[in-house]
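Just so it is clear, the values below take in all heavy atoms, side chains as well, and ignore hydrogens, waters and symmetry mates.
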Amino acid sequence: MWCKGQLAVVLLLFFLCDAFAQPRFKGKKIIAKYQKPAVVEYVEPRAGAPQTVTAQCTDSEVIVTISPDLLGIQKPVQPSDLSMGGCGVTSPAGAQPFVIEAPLQGCGSTVEMQGAEIVYSFTLVYNPSPIDGLPIVRTNPAVVQIECQYNRLHNVSSNALNPTWVPYTSTISAEDILGFSLVIMSSDWSGPSSSNTFFLGDLINLQASVDNSNHVPLRIFVDRCVANPGSNASAPAYTFIGNNGCFLDSQLTGSNSQFVSPRVAQSVLQFQLDAFRFYGLTTSLIFITCRLKVTLASANVDSLNKDCSYNSALSQWSSVDGNNAVCSCCDTICANPPPFRRGPGAPRYRPRRASEVSVPAGWEETVSVGPLFLEQVSPLSSVAQSLSGQQAEIDSGFQASILGAVVGVLAVSCVAVLFLVYRKANGIVNTKQ
């Protein structure tokens, strides 16, 4: 009897728990616990009113809502022309407004610690395509920066306990992690450029570097660089550095593109690209992708590990690191260097070439920078227009002075004629008297 009573109490408790439980919803999308409006900033050129792009940050993704009238000029944009780090519009075809749902750690996002906040940054790019059947466009490209800001839940920089023993394998894996970077620099190389807008005739300063603070000294090379007007695989591409570090642009076009010599450091390589636009394309956007690699700074450069500039005036190649002989293959195809010569008269010892040094696979990386905005009209044209305006003012002033002189001569002539008439009339009167 006691067991039956205990069982009845248990069943009653189950019934009460089920009766007062939270209601269950099936077949509905779960709303994230954390939602916060994103910070939206229009970069270049300025888009329409801020209401044309809004974004909502959740605990796992950012939801970007884009008005068809993105630019605020009553000209709707096409959803296929919108992308965010390679991710396109996710809303159904024909639905408006357009929506892009992107994971926080995807779609080209970057994460940064800013004080007590973790900031995820996204770049929304509008790249207009030509009107169907016509080689024209009537809208300008636009770039919108979107940021999701979250409060840090833990102090990751507190005084943590350091282990007294580090396994050898852990040390090796940590040392193989290199931080490659490619940055657009200011005109005087004092720091990163504050603007990504350039004009034809400008030199674009680029700096490749590697953080080797936990390594033996390393030397960085720019092995290959390609420019293209977008992330579309079918878009035209221009290889301006190739053949294992040969600056092909200066040889092919006679431009002023070059590697800056001497190096500021073995782990830094600076180079300048003469600004250009893709022929037949209306977009002024250009993305640059480069393959960077490093070798031991103590190893000699060779045909596979070099950075060579072409001097159009002298029609010759020169190496940033001083050994111009390694650039001789830039006119053909650079391959492995010839084997070391042996026999009578050959040196007994020779330094190791960079290509013969065992380099970990992680010592090279492909990095990108952009978008860069290339404009056709230079600020100098405004000076020319100002000068032409001044010349027009001078010409009009000169013409006015000539006209004034003519009027003056006519006035003097009229006065002289009237004076003669007056004298003659006085003479006749005196004669009669």
Side-chain angles (χ1 to χ4, degrees), residues 41-47 71 81-86 107-110 121-129 137 139-146 180-209 222-242 247-250 252-253 255-260 269-292 365-381:
E41 178 183 0
Y42 299 88
V43 183
E44 180 71 32
R46 177 69 162 90
L71 304 179
D81 296 337
L82 298 168
S83 65
M84 193 166 68
C107 296
S109 68
T110 59
S121 301
F122 299 83
T123 302
L124 174 65
V125 177
Y126 168 62
N127 188 14
S129 57
V137 292
T139 55
N140 290 322
V143 175
V144 181
Q145 294 287 352
I146 300 171
F180 289 90
S181 67
L182 181 64
V183 181
I184 304 173
M185 301 294 289
S186 60
S187 58
D188 58 357
W189 299 100
S190 59
S193 175
S194 59
S195 173
N196 282 10
T197 300
F198 297 90
F199 298 90
L200 297 182
D202 289 348
L203 286 176
I204 304 172
N205 291 342
L206 297 163
Q207 177 173 290
S209 62
V222 178
D223 193 65
R224 186 172 185 265
C225 281
V226 177
N228 58 69
S231 57
N232 188 355
S234 62
Y238 176 51
T239 302
F240 58 90
I241 296 178
F247 218 132
L248 305 177
D249 179 67
S250 50
L252 297 175
T253 65
S255 67
N256 295 319
S257 301
Q258 62 175 346
F259 291 107
V260 178
L269 182 63
Q270 298 172 335
F271 56 104
Q272 297 178 307
L273 175 63
D274 212 331
F276 65 90
R277 287 171 58 96
F278 282 95
Y279 176 76
L281 296 183
T282 55
T283 176
S284 62
L285 295 177
I286 288 183
F287 295 84
I288 294 177
T289 302
C290 296
R291 184 171 68 235
L292 310 179
E365 187 173 332
T366 299
V367 295
S368 299
V369 66
L372 285 72
F373 297 91
L374 276 299
E375 303 294 342
Q376 293 181 346
V377 181
S378 171
L380 295 178
S381 64

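Defined by atom type and a distance below 3.5 Å, a donor-acceptor pair is missing between the side-chain atoms of Q272 and S257. Using modelled atom types, one finds no donor on one side chain facing an acceptor on the other under 3.5 Å when comparing S255 with D274.
For the salt bridge (charged side-chain N to carboxylate O under 4.0 Å, His left out) test, residues two or more places apart in sequence or in another chain that qualify with R291 are D223. F122 is linked by a ring-ring contact (aromatic ring centres under 6.0 Å, His included) to nothing, counting only residues two or more places apart in sequence or in another chain. In this view, F276 and Y238, F278 satisfy the ring-ring contact (aromatic ring centres under 6.0 Å, His included) rule, not counting sequence neighbours.
Summarising the geometry, atom CG belonging to D202 is positioned 11.5 Å from atom CG belonging to N256; distances are rounded to the nearest 0.5 Å. Remark: Q258 CD to L273 CG distance equals 11.5 Å, nearest 0.5 Å. In this structure, CG in L182 is found 11.0 Å from CD in E365, a value given to the nearest 0.5 Å. Between the CG atom in L372 and the CG atom in L206 there is a gap of 7.5 Å [rounded to 0.5 Å]. A distance of 11.0 Å separates SG of C107 from CG of L124, quoted to the nearest 0.5 Å. For the atom pair N205 CG and S190 OG, the distance stands at 10.0 Å (nearest 0.5 Å).
Of the possible polar contacts, one joining the N196 side chain to the P371 backbone as a donor-acceptor pair under 3.5 Å is found. The closest donor-acceptor contact from the side chain of D81 to the backbone of Y126 lies at 3.5 Å or more, if one exists at all. Side-chain atoms of S186 come within 3.5 Å of backbone atoms of G191 as a donor-acceptor pair (strictly under, hydrogens ignored).
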Kindly determine whether V369 and F287 satisfy side-chain contact (heavy atoms from CB on, under 4.5 Å), including the steps that lead there. CA-CA 6 Å; V369 66; F287 295 84; over 6 Å; no

Under the criterion side-chain contact (heavy atoms from CB on, under 4.5 Å), I'd like the reasoning laid out for M84 against V125: C-alpha separation, chi angles, the key distance, then a yes or no. CA-CA 6 Å; M84 193 166 68; V125 177; over 6 Å; no

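Across all their heavy atoms, S193 and M185 have their closest contact at CB-O, 3.5 Å. In plain terms, the two heavy atoms of T289 and S368 that are nearest each other are OG1-OG, 3.0 Å. Nearest heavy-atom pair, P229 versus P236, reported as atom, atom and distance to 0.1 Å: CD-O, 3.0 Å.
For the pair V222/L292, a side-chain contact is recorded, criterion being any heavy-atom separation below 4.5 Å from C-beta on. At a threshold of 4.5 Å between non-hydrogen side-chain atoms, the residues F199 and L374 do not count as touching. Looking at heavy atoms from C-beta onward, I184 lies in side-chain contact with F198 at the 4.5 angstrom threshold. The closest side-chain heavy-atom distance from P141 to V143 is not below 4.5 Å.
The aromatic rings of F247 and F271 lie perpendicular to each other, with more than 60° between the two planes, well past the 30° mark.
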